[in-house]
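Everything below concerns the one structure shown next.
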Amino acid sequence: MTYYQSRTLKSSDLATLRTKVEAGLKEVGFGILTEIDIQATMKKKLDKDYPPFLILGACNPVFADKVLTAEPHVSTLLPCNVTIRSIGGDDYEVTIMDPAAAMSVVQNPAIESLAGEVRGKLMSMLEGL
């Protein structure tokens, strides 16, 4: 089982694509809880140059509540990461984690079915971009 799914898209810049990704996430019930700017962080911490690269921590509160109720320690696997990174020119890769793959380590049938539903929502967003 692969732990991610991705699409390559054209965009004039990362900010424009980010807006589109966030709108797609909102359509399927997700918001952004966290953001890590890999480009800025690696420059600051290691003085290393990276192309534009963001990690967005996406959360659907309804599903988060359900999985946390079923298994409080699943919090170590939250939120669902969505990345946007430049791969050259005007090409960007948008990648989603596969919640079913991530949650498979929990071995709780209640969480497995929820993770499958979340995967479906994230895939719908990715395919809609």
Side-chain angles (χ1 to χ4, degrees):
M1 173 183 289
T2 185
Y3 61 95
Y4 71 91
Q5 296 293 323
S6 65
R7 273 191 77 190
T8 300
L9 302 164
K10 300 276 187 198
S11 183
S12 59
D13 58 70
L14 185 130
T16 301
L17 184 54
R18 177 199 174 134
T19 299
K20 190 173 180 179
V21 168
E22 284 191 48
L25 285 166
K26 187 175 182 179
E27 285 180 22
V28 294
F30 285 77
I32 303 300
L33 291 178
T34 61
E35 174 186 329
I36 301 169
D37 183 333
I38 295 294
Q39 182 183 43
T41 299
M42 293 303 190
K43 186 64 175 175
K44 180 179 178 183
K45 301 290 185 180
L46 301 175
D47 195 28
K48 187 170 181 183
D49 293 323
Y50 267 72
F53 191 155
L54 292 177
I55 301 173
L56 303 175
C59 179
N60 178 308
V62 172
F63 282 100
D65 175 57
K66 289 178 181 180
V67 297
L68 290 168
T69 299
E71 182 76 45
H73 291 110
V74 84
S75 61
T76 60
L77 300 173
L78 300 177
C80 295
N81 285 330
V82 177
T83 65
I84 308 168
R85 69 183 181 99
S86 173
I87 55 175
D90 62 352
D91 289 331
Y92 287 83
E93 182 181 61
V94 178
T95 305
I96 60 167
M97 68 172 285
D98 182 342
M103 299 292 172
S104 68
V105 300
V106 178
Q107 298 180 353
N108 179 328
I111 289 179
E112 288 175 22
S113 65
L114 292 168
E117 289 182 61
V118 173
R119 178 196 320 162
K121 289 185 174 296
L122 291 173
M123 284 300 299
S124 174
M125 179 280 301
L126 188 63
E127 291 166 358
L129 292 176

Kindly compute the distance separating [atom1] ([X]) from [atom2] ([Y]), expressed to the nearest 0.5 Å.
X	Y	atom1	atom2	answer
Ile111	Ser113	CD1	OG	9.0 Å
Ser124	Leu25	OG	CG	10.5 Å
Ile36	Leu56	CD1	CG	9.5 Å
Leu17	Glu22	CG	CD	10.5 Å

With the side chain counted from C-beta on, respond yes when [X] and [Y] share a heavy-atom pair under 4.5 Å apart, and no when they do not.
X	Y	answer
Cys59	Leu78	no
Phe53	Met42	no
Asn81	Tyr4	no
Lys121	Phe30	yes
Ile96	Cys80	no
Val67	Val118	no

Could I get the full list of side chain to side chain donor-acceptor pair (under 3.5 Å) partners for [X], not counting sequence neighbours?
X	result
Thr16	Asp13
Glu35	Arg18
Ser6	Glu93
Asp65	none

Test item: [X] side-chain N/O and [Y] main-chain N/O as donor-acceptor pair under 3.5 Å:
X	Y	result
Arg85	Pro51	no
Ser104	Ala101	yes
Tyr92	Leu14	yes

Point to revise | side chain to side chain contact (heavy atoms under 4.5 Å, CB included) involving Lys10 - partner list, sequence neighbours excluded | key: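 So Lys10 forms a side chain to side chain contact (heavy atoms under 4.5 Å, CB included) with Asp90, Asp91.
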Check your understanding: Cluster question for you: counting only ILVMFWY and a side-chain heavy-atom cut-off of under 4.5 Å, with indirect links fine, are Leu129 and Ile32 together?
Key ->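 Yes; tracing contacts between hydrophobic side chains, which count when under 4.5 Å, links both residues.
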Practice item. Scan for side-chain hydrogen bond (donor to acceptor under 3.5 Å, both in side chains) pairs involving residues 47-60, sequence neighbours excluded, and state none if there are none. Key: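 Pairs touching residues 47-60 that pass the test: Lys43-Asp47, Lys43-Asp49.
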Practice item. Report the C-alpha distance between Ile38 and Thr83 in whole Å, list the side-chain angles of each, state the deciding distance to 0.1 Å, and finish with yes or no for side chain to side chain contact (heavy atoms under 4.5 Å, CB included). Key: CA-CA 10 Å; Ile38 295 294; Thr83 65; over 6 Å; no
